[in-house]
Amino acid sequence: MTMRVRFAPSPTGYLHVGGARTALFNWLLARGQGGEFILRIEDTDRARSKPEHTEAILHGLDWLGLDWDGEPHFQSEGVERHRADALRLLDEGKAYRDFADPSTAVGAASGAATDEEGRRRVRELAESVTPEESRVRADAGESFAIRFRVPAGETSWEDAVHGRRAVQNAAIPDLVVLRRDGTPTYNLAVVSDDADMGITHVIRGDDHLSNTPKQILLYQALGWPVPVFAHVPLILGPDGKRLSKRHGATAVGDYESRGILPDAMVNFLALLGWSPGDDTEVMDREELVARFSLGRVLKKSSVFDVKKLEWLNGQHLARTAADRLEPLVTAKLQLISGVSSDYLRGREVWYRSLIDLLRVRARTVDDIARQAVVYLTDDLEYDEPAVRKHWLKDPNTTVDRLEALRERLADVEWEKSALETAIRGMAEELEVGAGKVIHPLRVSLTGMAASPGIFDVLTLLGRDRALERMDRAIEGLKRGTFAGTQNERTRA
Ligand code: GLU
């Protein structure tokens with residue numbers, strides 16, 4: 001039998017990282033076992049479901065690369081089937097009509113139906129109405145809910161994550177399957193849909209653990225095979241509490257706009273609650289598909305660690321070919337600078353080598369774009385701490401060294417190793433460490449204290465632009481343009 005799994009989000013909000021992780025585990029299992037991954041939008045809560053949330057969920061899955069099989073299903077389209085299933089339970093005596101008006105005392109007890117007392121009263125009330133009487137009242141137009149009659153005994157299942165679980169049925173209230181307004185409840189709709197779609201494995205969050213025995217009882221009552229259940233552990237914030245907005249971004253979309261790569265997000269989500277069984281951390285999706293199994297899903301909750309996500313992203317950035325990164329970086333660049341895509345297309349080879357250079361130290365696509373601006377416009381911004389540290393401690397010496405260097409570089413062949421020989425040679429002649437020459441040079445070329453290797457920066461900028469930037473630094477330092485920085489610092 002083909003394995004069939006599903007992701008069944010309710011479109012009442014954006015795609016949460018917890019939901020994305022559930023989707024991913026289902027997808028990994030399906031792709032690894034030649035199964036099918038079905039998407040079902042559970043939109044029966046009319047008031048809270050919004051088309052824009054459905055859009056956001058579809059977009060999030062798309063961005064993560066979690067492709068589903070066939071068209072997405074919408075739970076609301078199955079309402080007639082859900083009703084028919086509830087009526088069948090009624091016909092077969094496995095459910096009963098509950099006429100209690102929720103606004104009355106008995107009705108309130110039946111509405112809650114959580115404590116022993118409430119359960120007993122609901123059942124007693126139901127038993128006091130004969131099936132004939134019940135039919136007559138219904139035919140007369142009296143409104144009622146349909147309640148499933150929970151049988152005596154125990155309900156157990158072998159959870160693929162938690163092992164054997166068992167619940168005494170006495171602890172389960174007679175659940176409403178069809179409300180007084182004719183709408184199906186969550187437990188009925190899910191069972192009806194999962195059976196209809198031939199779902200073989202239900203993989204979902206731990207928060208559904210208490211629903212599972214109810215759903216198993218419904219499967220049994222309706223005469224359908226019970227699927228395998230796997231409940232994946234919660235995701236926690238760094239303080240050990242359930243992950244929420246308090247901890248920062250919880251929407252998958254936030255990480256997309258922050259420059260996280262889909263591969264890194266997938267890798268990170270996979271490790272939230274699953275382990276490959278060894279120390280491997282950086283994995284592409286093929287490897288994840290090959291290695292994933294429900295047996296290695298952890299029982300314990302795992303902590304959402306943004307630093308780890310950024311680290312993984314850095315690892316994936318370093319492994320991703322520049323031509324795949326290029327459109328992402330370009331999109332970001334256009335947001336933060338006026339650089340046009342025509343301009344970039346005109347210097348394709350150069351632009352790719354720039355990305356190649358920058359991605360090695362970057363943690364996000366945003367990092368790459370932010371750094372790339374330095375090489376794409378000549379409108380340099382000088383970082384204050386960098387200027388103070390590498391120029392203004394001794395502005396006169398800085399000017400002397402930059403001038404000497406400028407003169408030397410004017411005649412050097414503009415090629416990495418020749419540049420390196422020239423610059424290191426100069427530091428030796430001046431009897432200073434290479435850093436004393438390289439740091440001020442870096443600030444003059446990039447405005448920053450950190451950059452890729454200085455010889456790469458020089459070759460990337462080319463002779464004219466590099467010398468021009470050095471000239472600007474020398475002039476500014478002579479005129480005292482940068483001295484304000486120092487004054488401000490003295491005042492502070
Ligand atoms: N729609 C439910 C939710 O979003 C999921 C139902 C299920 O996976 O069984 O929590």
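Counting starts at 1 for both ligands and their atoms, following the listed order.
Salt-bridge annotation for Arg40 and Asp194: present, with a side-chain N of the basic residue lying under 4.0 Å from a carboxylate O of the acidic one. A salt bridge links Arg4 with Glu36: the closest approach of a Lys/Arg side-chain nitrogen to an acidic carboxylate oxygen falls below 4.0 angstrom. A salt bridge does not link Lys50 to Glu52: none of the charged side-chain nitrogens sits closer than 4.0 Å to a carboxylate oxygen. Salt-bridge annotation for Arg83 and Glu80: present, with a side-chain N of the basic residue lying under 4.0 Å from a carboxylate O of the acidic one.
A donor-acceptor pair shorter than 3.5 Å can be found between the side chains of His208 and Asn211. Trp27 and Asp67 form a side-chain donor-acceptor contact under 3.5 Å, judged by distance and modelled atom types alone.
Here the heavy atom of the protein found nearest to atom 8 (O) of ligand 1 is Arg6 NH1, 2.7 Å. Shortest contact from atom 4 (O) of ligand 1 to any protein heavy atom: Ser10 OG, 3.3 Å. Ranking protein heavy atoms by distance to atom 5 (C) of ligand 1, first place goes to Ala8 O, 3.3 Å. Of the protein's non-hydrogen atoms, His208 NE2, 2.9 Å is the one closest to atom 10 (O) of ligand 1.
Residue Glu42 has at least one heavy-atom neighbour below 4.0 Å for each of these atoms of ligand 1: 1 (N), 2 (C), 5 (C), 6 (C). Atoms of ligand 1 found under 4.0 Å from any heavy atom of Arg204, numbered from 1 in the order shown, are 7 (C), 8 (O), 9 (O).
Assignment of Tyr186 to the shell around ligand 1 is supported, since a heavy atom sits closer than 4.0 Å.
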